[in-house]
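Encoded as structure tokens, the structure appears first; notes follow it.
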Amino acid sequence: MLNTTTLKAPAKSTFAVHSRSANPCRTFISATRRDYYKISLITKGKGVLTLGDRTYHITQPALIFINPVEVKTWQPEGEQDGYYCLFSEHLFEMNRHYRDDLIHYPLFQIGANAVVFLTDDQSQQLQHLFRQMMREHNDSDAYRQEAIAIYLQLLLLEAKRIGTVSLEAHRPVTAAQQLAERFTDALEKQFPIASELSCIQYKTAGEFAGLLNVHPNHLNATIKSVTGRTTSEHIRQRILLEARLLLQHTDWHIAAIARCLGFEEHANFTHFFKSQTGHTPLTFRMK
């Protein structure tokens, strides 16, 4: 894995793929979190990974899944080889079904077993998919983005097949992780917004705490400890993502979008959006 403080996902956090041998990580990576998903294929080298409150000792070929919210560290050992890719929901903006599948993908869930150990044959098969993604990423052919999305879907499918047997047996069940997952599920169930008549019901940390029957301070402390972000940050970023998608892919009036996202006043939505993106909803839509 690379230190993501020096290598970030490309513009709009869509997709990037790299060789681990060409971009080696030789030093300890301190606790970090990121704004994108990451899949690393380890074909050579060892290391110790922490993700949330879980520790993994990597001593053989493995596929590692890192979600955008849990804090991770990485201590490499020996010469490293393999591949890794970085991406976010933006890669699947044209297909909301694929985007929703990504958000609910079992190996990316909070508290899930994030490491799938591989046989040599499985490693070879997954290396082929990474090489295909690298080829498409470096080319400028037509439908390049669509091809990348297809190969990534294949990678996720194969990984799920390989990891299905051990996923439930190794899933941690601490109270903090259970509460964090309940919060994530409750937040995601409000999306996507399918019509102008729909409106999210919960948009504050206090409202989610009431829904989950816990004190707001306890919810916030738990979410912060598990994911590295506050409850309000998660809510704000999810509402912002939905706002972007609705502005880009619908012709709804901005006032209607504001109402759907829980803003009583159009001006409040405009202020929120501009403070997060630097653009008003109208200028963002026009761009």
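Note that the structure is predicted; figures quoted are calculated from it, not measured.
- For F208, the ring pair (Phe, Tyr, Trp, His ring centres under 6.0 Å) test picks out F183, Y202, with sequence neighbours left out.
- Residues forming a ring pair (Phe, Tyr, Trp, His ring centres under 6.0 Å) with F108 (at least two apart in sequence, or on another chain): Y37, F65, Y105.
- With no hydrogens or angles considered, a side-chain donor-acceptor pair links E158 and Q125 at under 3.5 Å.
- Under the 3.5 Å distance criterion, the side-chain polar atoms of R229 are left unmatched by any main-chain donor or acceptor of K224.
- Distance alone, capped at 3.5 Å, is enough to place a donor-acceptor pair between the R285 side chain and the T250 backbone.
- T222 and S225 form no side-chain donor-acceptor contact under 3.5 Å, judged by distance and modelled atom types alone.
- Within 6.0 Å of CD on E79 lie no more than 12 heavy atoms contributed by other residues, nucleotides or ligands.
- A donor-acceptor pair is defined here as one N or O able to donate and one able to accept, closer than 3.5 Å; such a pair exists between the side chain of E207 and the backbone of K203.
- A donor-acceptor distance shorter than 3.5 angstrom exists from the side chain of T50 to the backbone of T73, with no hydrogens or angles considered.
- Taking the charged nitrogens against the carboxylate oxygens, E196 and R259 have no contact shorter than 4.0 Å, which rules out a salt bridge.
- The two atoms that bring S19 and M134 nearest to each other are N-CE, 4.1 Å, heavy atoms only.
- With respect to the salt-bridge test (charged N to carboxylate O, under 4.0 angstrom), the residues R54 and E70 qualify.
- Summarising the geometry, atom CD1 belonging to I42 is positioned 4.5 Å from atom CD1 belonging to I64; distances are rounded to the nearest 0.5 Å.
- For the 3.5 Å distance criterion, the side chains of T174 and Q177 qualify, holding a donor opposite an acceptor.
- Side-chain atoms of S123 and Q127 include a donor-acceptor pair closer than 3.5 Å.
- Side-chain atoms of Q132 never come within 3.5 Å of backbone atoms of I148 as a donor-acceptor pair (strictly under, hydrogens ignored).
- Side-chain contact check for S232 and T230: no donor-acceptor pair (N or O, by modelled atom type) lies under 3.5 Å.
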(message) Does H279 form a ring pair (Phe, Tyr, Trp, His ring centres under 6.0 Å) with F273? I'd like the steps, not just the answer.
(response) CA-CA 7 Å; H279 301 283; F273 194 87; 8.1 Å; no
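- Counting non-hydrogen atoms of neighbouring residues, nucleotides and ligands closer than 6.0 angstrom, the CG atom of N138 exceeds 12 such neighbours.
- Within the structure, salt bridge (Lys or Arg N to Asp or Glu O under 4.0 Å) contacts touching residues 124-140 (residues at least two apart or in different chains) are R135-D139.
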